[in-house]
Amino acid sequence: MAGAGDAGRARAAVARLSDAVGERRRRLGTAMQDARRQRRLLLVIVCVALLLDNMLYMVIVPIIPNYIAVMRGGGGAAPAAAARGNESGGGNRSRLFARYPAAAAAAGNEDVQIGVLFASKAILQLLVNPLSGTFIDRVGYDVPLLIGLAVMFLSTATFAFAENYATLFAARSLQGLGSAFADTAGIAMIADRYAEEPARSRALGTALAFISFGSLAAPPFGGVLYEFAGKRVPFLVLACVCLLDGLLLLVLVPPCAGGARANMPVGTPIHRLMADPYIAVVAGALTTCNIPLAFLEPTIANWMKESMGATEWEMGLTWLPAFFPHVLGVYVTVRLAAKYPHLQWFYGALGMAIIGASSCVVPACRNFGQVVIPLCGICFGIALVDTALLPTLAFLVDVRHVSVYGSIYAIADISYSVAYALGPIVAGQIVHTMGFVQLNLGMGLANVLYAPVLLFLKNVCQMKPSHSERNILLEEAPKGLYDTIKMEECKGKGKGLHAAGETEENNVDSYHRDLTGASEEDCSDYEYS
């Protein structure tokens, strides 16, 4: 009898446990289905993807001295040298950029090889982005993001087991391919899920903060793990996090759920977006403001060593303080944009002016404490520009094109990639032929002169959509007799309106048309632009 009682109690316990697990699953399913919680989880997934991409961008620095030694025929001495350089975490970064130019005279074209290695990610990203943006517009945001995470996982695993320069180059290029999908799809997904302001600016600002933190955390993260656990461990840790992020995306947004994509309009082709003057101004600003950072990263450590006798730890920690003003710039811009959204152009112009002034001050610095101040100014200005103009791109697509964001953020990624593809290759050559002072003065002048161009965006916030977003016929042929008749009628009316002098520019005056009556409202849905 006692055995039967124990069995009954065990069955009851199992039943209670099963009920508890079922209740937790129901609660999790409810949370997943809630729109607000779902988009927060998606924001976390995107931010982790951006964090991983930027950590992988910088975490390869600790193993570069090893491959330099191998290419020189230094044998097994390189790992010990690399380990000694890890004492300050980011010191590996300074070892790469400080020692390398001095060794270039004896090592031939090694500087070109290292420069190409660092630029290969941005170069491939630059080439793939036009295709990835179009692909994202056609299939939605979740599948390209998943593809990007999968490619990044493969790239990270390849880094972990790389044994020569060719494998490193392949892994680095593969990372650019993954970034072209993951970064673009992630930012576009944020813009799509956070369609209202100021929530969109806050979400994009959060993503920018994770990007900055990834760049900051990678050198000490890679340096410490490389010293105490070997070169494979940092990459394997990042690969595991990437895998978990992809699995969470699969759970949250299954690829087979294509209902949302079926309701999406056809996005504007990327070549038409590039021809939009407002978008071109924003893209030019994003490239110009990032040039100082992209060009200083590979050159400033060697300049500090030659001009002020900086130590290894000083060169390694050069960019560490700049993280905090970057986050401050994101926070300030988000708060200002919430109160004064019509001044987004001004925040961007102010940021470019700060970047320009800070770049011109860098060559005048004579010690570590002094050089940190203009670098903080550069990162603060970049935060102002990025946080103000990334939401502006989404708004421009909303009011001037179709609210599909893959191609527009592919253009933004192209803008960044141009700067970071040129930096590792061109910056050193400019310093060699013209000098470090001329490099900084040129970058500063470019930013100061470009700042007034953002006045062109002054009236962007007053724009309104010129046609209904249901106007899918802009890109598709009519599917039925009724659509064909309505389109022909509206084309005829459109010719009459254009003959009367109505322009097709998307400015404030073009939105005060007197659309009365059901027939005219219907025509607005089929209006050609």
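Annotation: side chain of Asn290 is in contact with side chain of Tyr420 (closest heavy-atom distance under 4.5 Å). Considering only heavy atoms from C-beta on, Leu42 comes within 4.5 Å of Leu252 through its side chain. Residues Val397 and Thr268 are not in side-chain contact: their nearest non-hydrogen atoms beyond the backbone lie 4.5 Å or more apart. Here the side chains of Asp276 and Leu396 are not in contact, with every heavy-atom distance at 4.5 Å or above. Annotation: side chain of Leu208 is in contact with side chain of Leu390 (closest heavy-atom distance under 4.5 Å). You'll find the side chain of Ile425 stays beyond 4.5 Å of the side chain of Phe118, heavy atoms only. Residues Val460 and Gln344 are not in side-chain contact: their nearest non-hydrogen atoms beyond the backbone lie 4.5 Å or more apart. Side-chain contact between Tyr141 and Leu145 is absent, with no heavy atoms from C-beta onward closer than 4.5 Å.
In this view, Ser201 and Glu197 satisfy the side-chain hydrogen bond (donor to acceptor under 3.5 Å, both in side chains) rule, not counting sequence neighbours. Here Val281 pairs with Tyr450, Val453, Leu454, Phe456, Leu457 under the side-chain contact (heavy atoms from CB on, under 4.5 Å) rule; sequence neighbours left out. Partners of Arg193 under the salt bridge (Lys or Arg N to Asp or Glu O under 4.0 Å) rule, at least two apart in sequence or in another chain, do not exist in this structure. Looking at residues two or more places apart in sequence or on another chain, you find a side-chain contact (heavy atoms from CB on, under 4.5 Å) between Pro234 and Val59, Phe221, Leu225. Legend: residues meeting side-chain hydrogen bond (donor to acceptor under 3.5 Å, both in side chains) with Arg200, ordered by chain and number and at least two apart, are Asp398, Tyr405. Every side-chain hydrogen bond (donor to acceptor under 3.5 Å, both in side chains) that Thr167 has, sequence neighbours left out, goes to Asn164. Residues meeting the side-chain hydrogen bond (donor to acceptor under 3.5 Å, both in side chains) test with Asp386, sequence neighbours left out: Tyr416. Under the side-chain contact (heavy atoms from CB on, under 4.5 Å) criterion, Leu422 pairs with Phe295, Val418, Val426, not counting sequence neighbours. Remark: Tyr331 engages no residue in a ring pair (Phe, Tyr, Trp, His ring centres under 6.0 Å) (not counting sequence neighbours). Under the salt bridge (Lys or Arg N to Asp or Glu O under 4.0 Å) criterion, Asp413 pairs with no residue, sequence neighbours left out. For Val241, the side-chain contact (heavy atoms from CB on, under 4.5 Å) partners are Val48, Leu52, not counting sequence neighbours.
Between atom CZ of residue Phe395 and atom OG of residue Ser403 there is a gap of 10.5 Å, rounded to the nearest 0.5 Å. From Leu375, atom CG reaches atom CZ of Phe323 across 16.0 Å, with rounding to the nearest 0.5 Å. Taking CD1 of Ile187 as the reference point, atom CD1 of Ile190 lies at 4.5 Å (rounded to 0.5 Å). The CD atom of Gln175 sits 7.0 Å away from the OG1 atom of Thr156 when rounded to the nearest 0.5 Å. Distance check, rounded to the nearest 0.5 Å: CD1 of Ile408 to CD1 of Ile411 gives 4.5 Å. Considering CG of Leu149 and CG of Leu154, their distance stands at 12.5 Å, rounded to 0.5 Å.
Summarising the geometry of Ala119 relative to Ala421, their closest heavy-atom pair is CB-O, 3.5 Å, with the distance given to 0.1 Å. When every heavy atom of Thr387 is checked against every heavy atom of Gly205, the shortest pair comes out as CG2-CA, 4.5 Å. When all heavy atoms of Leu286 and Ala412 are compared, the pair lying nearest together is CD1-CB, 4.0 Å. The two residues Gly406 and Asp137 come nearest to each other via the heavy atoms N-OD1, 2.9 Å. Of all non-hydrogen atoms in Pro292 and Asn447, the two that sit nearest each other are CG-ND2, 3.6 Å. For the pair Gly329 and Phe380, the tightest heavy-atom approach, listed with the atom from each and the gap, is CA-CE1, 3.5 Å.
In terms of modelled atom types and a separation under 3.5 Å, the side chain of Ser120 and the main chain of Leu117 share a donor-acceptor contact. Counting only distance, with no hydrogens or angles, the side chain of Thr287 and the backbone of Ser415 share a donor-acceptor pair below 3.5 Å. One N or O on the side chain of Thr134 and one on the backbone of Pro130 form a donor-acceptor pair closer than 3.5 Å. Looking only at distances, no side-chain donor or acceptor of Ser155 sits under 3.5 Å from a matching main-chain atom of Val151. No donor-acceptor pair closer than 3.5 Å links the side chain of Ser359 to the backbone N or O of Met443.
With Phe159 as the aromatic partner, Arg232 does not meet the cation-pi criteria of under 6.0 angstrom to the ring centre and within 45 degrees of the ring axis. Taking the ring axis of Tyr194 as reference, the NZ or CZ atom of Arg39 stays within 45° of it and closer than 6.0 Å to the ring centre.
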Next item on the list: Could you check Gln125 against Asp183 for side-chain contact (heavy atoms from CB on, under 4.5 Å), going step by step and ending with a plain yes or no?
Entry: CA-CA 10 Å; Gln125 200 168 340; Asp183 293 2; 3.9 Å; yes

Full working for side-chain contact (heavy atoms from CB on, under 4.5 Å) between Leu296 and Ile378:
CA-CA 10 Å; Leu296 282 176; Ile378 289 174; 3.7 Å; yes

Exercise. Given the rule in the side-chain contact (heavy atoms from CB on, under 4.5 Å) test, do Tyr409 and Leu204 qualify, once you have shown the distances and angles that lead to the verdict?
Worked result: CA-CA 12 Å; Tyr409 284 111; Leu204 290 174; 3.9 Å; yes

query: Would Leu343 and Leu336 count as a side-chain contact (heavy atoms from CB on, under 4.5 Å) if you check the C-alpha gap in whole Å, the side-chain angles of each, and the deciding distance to 0.1 Å?
result: CA-CA 8 Å; Leu343 294 178; Leu336 289 175; over 6 Å; no

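Environment of CZ in Phe213: sparse, with no more than 12 heavy atoms of neighbouring residues, nucleotides or ligands closer than 6.0 Å.
Under the salt bridge (Lys or Arg N to Asp or Glu O under 4.0 Å) criterion, the residue pairs touching residues 115-134 are Asp53-Lys121, with sequence neighbours excluded.
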